[in-house]
Amino acid sequence: RKPDTTYYGAYDERISFFHEKNEKDLEDVSRLQFCKSLLLFYSNEQLTKEQRNEIDSRFKAHWQALRTSSVVPPILKILFFGFTICPQLASKAAIAKMGGVKSKVSIIVPCYNVDKYLVNCIESILHQSYTNWELILVDDGSPDSSGEIADKYASCDARIKVIHKTNAGVAAARNSAIEIATGEYVSFLDGDDFLHPDYIKDLLAIANENKADIVQCDYVRGKDTTFPPYKDADVLNTYNRQDIFVADVAKIIVWGKLIKSDILKTIRIPEGRYFEDDLVTWRWYYAANKTVITSKPYYYYTENDASQMAQ
């Protein structure tokens, strides 16, 4: 939805109520939640200049009130460490405070005869705990309703882009998305699979902490529509471009990885070939100065008899 006077007024009334009651904690919490909503509104590319100015003015006013409040520092401290009532604001505010830039991640999903699974796939992106992403859905001339589903979601969220093209295979579909991807990192997701809610956040954190060009996770295989619980300890291992092959831990599949976009834009996926994953992933590993592998499964591979890998 777009911001309007009624929406602003509801928050103004709530904040004023707690202010008059001298409920400083609740007043500050209300301001934080309002700021979160304003940030989400600001990401809407359809806003007019006047609407953006209004949002900017309101955000600055409330944020200034929070900065000068004696109650806010402990709240912000909690937010910065992830125990949050509004995670999107916490991450944006923390990054602004540190003077850093929140990396964008591009998720690429080729769509062909996956309309039975695509909604669950897309919803797993929309429910990511990390919000600075773009989703590129490639309708590869699919004869089912996959393209229509993609368009419907794109009309509701400016972070979602759709490419409609004549069927040319999954490699060409992925390459067309790589061409327009704007993220610092790229990850591939098949249209019948889905991701753990912390997939982007955790893999990106691993990449940043280890200065890795590729982060690879484990995966779960089955026919569920929700991610199962995982209780084992997370084990991280780091490899350079040689020892990842010697250790025999490279997975010759394109998905389940966070990859620096520079690598993908330089080394494209071969088109018109069978087993294109086998032909390109080893080149990506070798191009990476460092690859980190986590033992934790963040990717759900759906057992679909009609998928390319099942054939």
Side-chain angles (χ1 to χ4, degrees), residues 104-126 128 133-183 185-195 199-200 219 221-223 225 251-284 299-311:
K104 179 190 285 186
V105 174
S106 300
I107 305 294
I108 294 174
V109 180
C111 306
Y112 188 83
N113 281 345
V114 289
D115 58 358
K116 295 179 181 179
Y117 309 93
L118 190 55
V119 169
N120 196 53
C121 173
I122 296 173
E123 287 290 334
S124 77
I125 304 299
L126 292 174
Q128 287 292 301
W133 49 260
E134 67 175 357
L135 173 59
I136 306 175
L137 301 166
V138 186
D139 171 21
D140 189 29
S142 184
D144 65 359
S145 60
S146 294
E148 296 174 11
I149 294 172
D151 286 338
K152 184 176 295 186
Y153 273 97
S155 68
C156 299
D157 195 313
R159 296 172 296 178
I160 301 176
K161 303 174 184 177
V162 181
I163 298 174
H164 294 283
K165 61 190 299 295
T166 302
N167 179 256
V170 66
R174 287 169 174 152
N175 281 337
S176 67
I178 292 171
E179 188 72 32
I180 67 168
T182 60
Y185 286 88
V186 174
S187 189
F188 297 104
L189 171 63
D190 283 353
D192 50 359
D193 300 337
F194 59 94
L195 302 178
Y199 177 93
I200 299 176
Y219 67 95
R221 189 180 184 121
K223 294 185 177 182
T225 57
K251 289 185 177 178
I252 311 302
I253 43 179
V254 301
W255 44 258
K257 299 176 177 67
L258 196 67
I259 307 171
K260 264 294 184 66
S261 61
D262 291 347
I263 294 176
L264 299 179
K265 290 181 181 292
T266 303
I267 306 172
R268 295 300 178 90
I269 305 170
E271 299 179 17
R273 305 280 298 275
Y274 287 109
F275 307 112
E276 69 278 351
D277 291 28
D278 301 56
L279 296 171
V280 73
T281 47
W282 67 268
R283 296 179 185 274
W284 294 341
Y299 189 102
Y300 196 100
Y301 173 80
T302 301
E303 294 179 344
N304 173 13
D305 294 338
S307 71
Q308 186 182 43
M309 287 188 66
Q311 297 174 356

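Below, all heavy atoms of this structure are taken into account, side chains as well, without hydrogens, waters or symmetry copies. Positions are given from 1 along the sequence.
- Salt bridge annotation for Lys251-Asp277: absent, with no cationic side-chain nitrogen under 4.0 angstrom from a carboxylate oxygen.
- A salt bridge (charged side-chain N to carboxylate O under 4.0 Å, His left out) check over residues 135-149, counting only residues at least two apart or in different chains, returns the pairs Asp140-Lys165.
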Give the intermediate values and the outcome of side chain to side chain contact (heavy atoms under 4.5 Å, CB included) for residues Leu189 and Cys121.
CA-CA 8 Å; Leu189 171 63; Cys121 173; 3.4 Å; yes

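- Side chains of Pro143 and Asn113 form a contact here, defined as non-hydrogen atoms less than 4.5 Å apart.
- For Glu179 and Arg268, the salt-bridge test passes: some basic side-chain N is under 4.0 Å from an acidic carboxylate O.
- Considering all non-hydrogen atoms of both residues, Ser146 and Asp115 come closest at OG-N, 3.3 Å.
- Below 30°, between 30° and 60°, or above 60°: for Tyr300 and Phe194 the angle between ring planes is below 30°, a parallel geometry.
- Note that CG of Leu195 is 5.5 Å distant from CD of Gln128, once rounded to the nearest 0.5 Å.
- Here Asp157 contributes atom CG and Leu135 contributes atom CG; the two are 8.5 Å apart, rounded to the nearest 0.5 Å.
- Judged purely by distance below 3.5 Å, without hydrogens or angles, the side chains of Asp193 and Tyr299 pair a donor atom with an acceptor atom.
- Applying the side chain to side chain contact (heavy atoms under 4.5 Å, CB included) test to Thr225 and every residue at least two apart in sequence or in another chain returns Asn120.
- A pairwise comparison of heavy atoms in Lys265 and Ala181 identifies NZ-O, 3.2 Å as the closest pair.
- Two residues are said to be in side-chain contact when any heavy atoms from C-beta on lie closer than 4.5 Å; Thr281 and Ile253 fail this criterion.
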Derivation of the side chain to side chain contact (heavy atoms under 4.5 Å, CB included) call for Leu126 and Ile160
CA-CA 10 Å; Leu126 292 174; Ile160 301 176; 4.2 Å; yes

How far apart are the C-alpha atoms of Ser124 and Tyr199, what are their side-chain angles, what is the distance that settles it, and do they pass the side chain to side chain donor-acceptor pair (under 3.5 Å) test?
CA-CA 10 Å; Ser124 77; Tyr199 177 93; over 6 Å; no

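- Proximity of a side-chain donor or acceptor of Ser187 to a complementary backbone N or O of Lys257 within less than 3.5 Å is detected.
- Proximity of Tyr153 to Val119: side-chain heavy atoms (C-beta onward) are separated by under 4.5 Å at one or more points.
- With rounding to the nearest 0.5 angstrom, the CG atom of Leu264 is 7.0 Å from the CD1 atom of Ile269.
- Counting heavy-atom neighbours within 6.0 Å of Lys161 NZ, excluding the residue itself, gives a total above 12.
- A distance of 8.5 Å separates CG in Leu118 from OG in Ser145, rounded to the nearest 0.5 Å.
- Comment: Lys260 does not engage Asp262 in a salt bridge, judged by the lack of any side-chain N to carboxylate O separation of less than 4.0 angstrom.
- Asp151 has its side chain within reach of His164: a pair of non-hydrogen atoms, C-beta onward, lies under 4.5 Å apart.
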Test log, rule side chain to side chain contact (heavy atoms under 4.5 Å, CB included), inputs Glu276 and Val254
CA-CA 9 Å; Glu276 69 278 351; Val254 301; 6.0 Å; no

Verdict with reasoning, Cys111 to Val109, per side chain to side chain contact (heavy atoms under 4.5 Å, CB included)
CA-CA 6 Å; Cys111 306; Val109 180; 4.1 Å; yes

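- Remark: Arg159 CZ to Trp133 CH2 distance equals 3.5 Å, nearest 0.5 Å.
- A distance of 13.0 Å separates CD1 in Ile267 from CG in Leu279, rounded to the nearest 0.5 Å.
- Ring-plane geometry between Trp255 and Tyr219 is classed as perpendicular, the angle between the planes exceeding 60 degrees on a 0 to 90 degree scale with a lower cut at 30.
- Put simply, the side chain of Ser261 gets close to the backbone of Gly183: a donor and an acceptor are under 3.5 Å apart.
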